[in-house]
Amino acid sequence: MKKINKILSALVALLAIGFVATSLIACSDDDDDDDDTVSTVAVYKDSEATADSYETITFFSDNTVKGHSYDKYTEEGFSVITDFDTFVGTYTGNPNADGTVKITVTKMADEDAVSEEEMVKKCEAAVAAGKTSLTFTNSDFPLEAVSDVSIEAVVSGKTATIDFDGDSDTYTRQ
């Protein structure tokens with residue numbers, strides 16, 4: 001995510017220049033079958049979350065789990081937004097009780113699916129078309145199958161410490 005954040009910061013700066021020089025999305029699944037309803041068990045949001053930048057991890061009653069990232073950068077009246085699932089998988093353990101929850105990731109977002117150059121071109125096209133924002137979603141960063149990716153979440157009270165590739169981040173249960 002830090003790589004995307006750096007790229008987006010650079011894009012917003014480039015877009016601001018372009019904006020001044022020219023003076024210038026969620027699908028609904030209506031499943032009426034209540035017998036197979038999957039409910040949310042727990043949602044954790046990163047401890048550094050703001051209204052414009054956050055990551056969440058949502059645990060569901062069918063023992064599936066999803067990571068999601070949202071970032072919004074606005075400069076000179078133009079916003080670049082990333083709003084996509086970062087991973088999906090399954091879990092064992094209780095995300096609402098002290099202890100360890102083991103997550104097995106089955107799919108991860110391909111953060112390299114769109115190059116920095118392609119992102120700049122999309123942003124420039126949006127500015128040229130008179131738009132005030134551009135949103136990048138999983139259609140830009142698709143989820144791809146992975147194997148041997150495990151994450152541990154250590155829950156203590158309303159806090160979960162989650163280790164992603166050696167980087168530990170703190171999340172708070174919502």
Side-chain angles (χ1 to χ4, degrees), residues 1-15 25-29 38-75 78-93 95 101-126 131 133-155 160-174:
M1 296 290 60
K2 290 176 182 25
K3 177 181 174 184
I4 287 178
N5 290 342
K6 284 184 179 180
I7 291 171
L8 289 176
S9 294
L11 285 174
V12 169
L14 286 172
L15 289 172
I25 355 167
C27 296
S28 174
D29 183 10
V38 175
S39 60
T40 301
V41 172
V43 177
Y44 285 85
K45 187 179 274 190
D46 71 279
S47 60
E48 296 176 6
T50 67
D52 289 338
S53 180
Y54 58 85
E55 292 180 18
T56 59
I57 298 176
T58 305
F59 296 89
F60 299 97
S61 60
D62 64 351
N63 287 75
T64 59
V65 61
K66 170 177 70 171
H68 190 83
S69 177
Y70 177 88
D71 287 294
K72 180 178 180 181
Y73 298 93
T74 303
E75 192 169 318
F78 189 86
S79 298
V80 177
I81 301 164
T82 59
D83 189 8
F84 62 94
D85 293 338
T86 55
F87 73 88
V88 295
T90 59
Y91 72 92
T92 57
V101 177
K102 295 188 184 227
I103 300 169
T104 301
V105 177
T106 56
K107 291 183 179 182
M108 290 183 73
D110 181 0
E111 293 182 24
D112 295 324
V114 179
S115 71
E116 185 175 343
E117 182 178 316
E118 290 171 309
M119 290 176 80
V120 169
K121 285 181 182 178
K122 285 183 176 193
C123 290
E124 288 172 343
K131 296 185 179 192
S133 68
L134 178 64
T135 301
F136 291 92
T137 65
N138 280 109
S139 63
D140 301 293
F141 301 106
L143 291 169
E144 295 185 344
V146 295
S147 59
D148 298 326
V149 178
S150 296
I151 301 169
E152 281 195 0
V154 178
V155 178
T161 303
I162 302 175
D163 184 10
F164 294 99
D165 297 328
D167 289 330
S168 289
D169 292 310
T170 303
Y171 290 74
T172 304
R173 189 168 50 236
Q174 302 300 294

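Every value quoted in this text rests on a predicted model; they were computed, and no experiment measured them. Along the sequence shown, residues are numbered consecutively beginning with 1.
- The two residues Ala126 and Phe78 make their nearest non-hydrogen contact at CB-CZ, 3.9 Å.
- To the nearest 0.5 Å, the span separating OH on Tyr91 from OG1 on Thr64 amounts to 7.5 Å.
- Between atom CG of residue Asp52 and atom OH of residue Tyr70 there is a gap of 6.0 Å, rounded to the nearest 0.5 Å.
- Taken from CZ in Phe84 to OG1 in Thr82, the straight-line distance is 5.5 Å, to the nearest 0.5 Å.
- The two residues Val146 and Lys107 come nearest to each other via the heavy atoms CG2-N, 4.0 Å.
- With His68 as reference, Asp83 is the one residue of Thr58, Thr86, Asp83 to meet the side-chain hydrogen bond (donor to acceptor under 3.5 Å, both in side chains) rule.
- The nearest pair of heavy atoms linking Ile151 to Asp163 is CG2-O, 3.4 Å.
- Between the CD1 atom of Ile81 and the NZ atom of Lys72 there is a distance of 5.0 Å, given to the nearest 0.5 Å.
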> Under the side chain to side chain contact (heavy atoms under 4.5 Å, CB included) criterion, do Asn138 and Asp85 qualify, and how do the steps go?
Replying inline: CA-CA 7 Å; Asn138 280 109; Asp85 293 338; 3.5 Å; yes
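- Of all heavy-atom pairs between Gly89 and Thr106, the closest is CA-OG1, 3.6 Å.
- Under the 30°/60° scheme for interplanar angles, the aromatic rings of Phe59 and Tyr44 are found to stand perpendicular.
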>> side chain to side chain contact (heavy atoms under 4.5 Å, CB included) for Thr172 and Lys45? Distances and angles first, verdict last.
In response: CA-CA 5 Å; Thr172 304; Lys45 187 179 274 190; 5.8 Å; no
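- Rounding to the nearest 0.5 angstrom, the gap separating the OH atom in Tyr73 from the OG atom in Ser79 is 12.0 Å.
- Expressed to the nearest 0.5 Å, how far CG of Leu134 lies from CD of Glu124 amounts to 11.5 Å.
- A donor-acceptor contact under 3.5 angstrom links the side chains of Asp71 and Ser53, judged on distance only.
- Of all the heavy atoms in Pro142 and Ser139, the pair that sits closest is CD-O, 4.5 Å.
- Considering all non-hydrogen atoms of both residues, Ala113 and Asp140 come closest at CB-O, 3.3 Å.
- In summary, Lys122 and Glu118 do not engage in a salt bridge, as defined by a charged side-chain N under 4.0 Å from a carboxylate O.
- In this structure, Asp62 contributes its side chain and Val38 its backbone to no donor-acceptor pair below 3.5 Å.
- Checked options Val88, Val149, Leu143; the residue passing with Met108 is Val149 (criterion: side-chain contact (heavy atoms from CB on, under 4.5 Å)).
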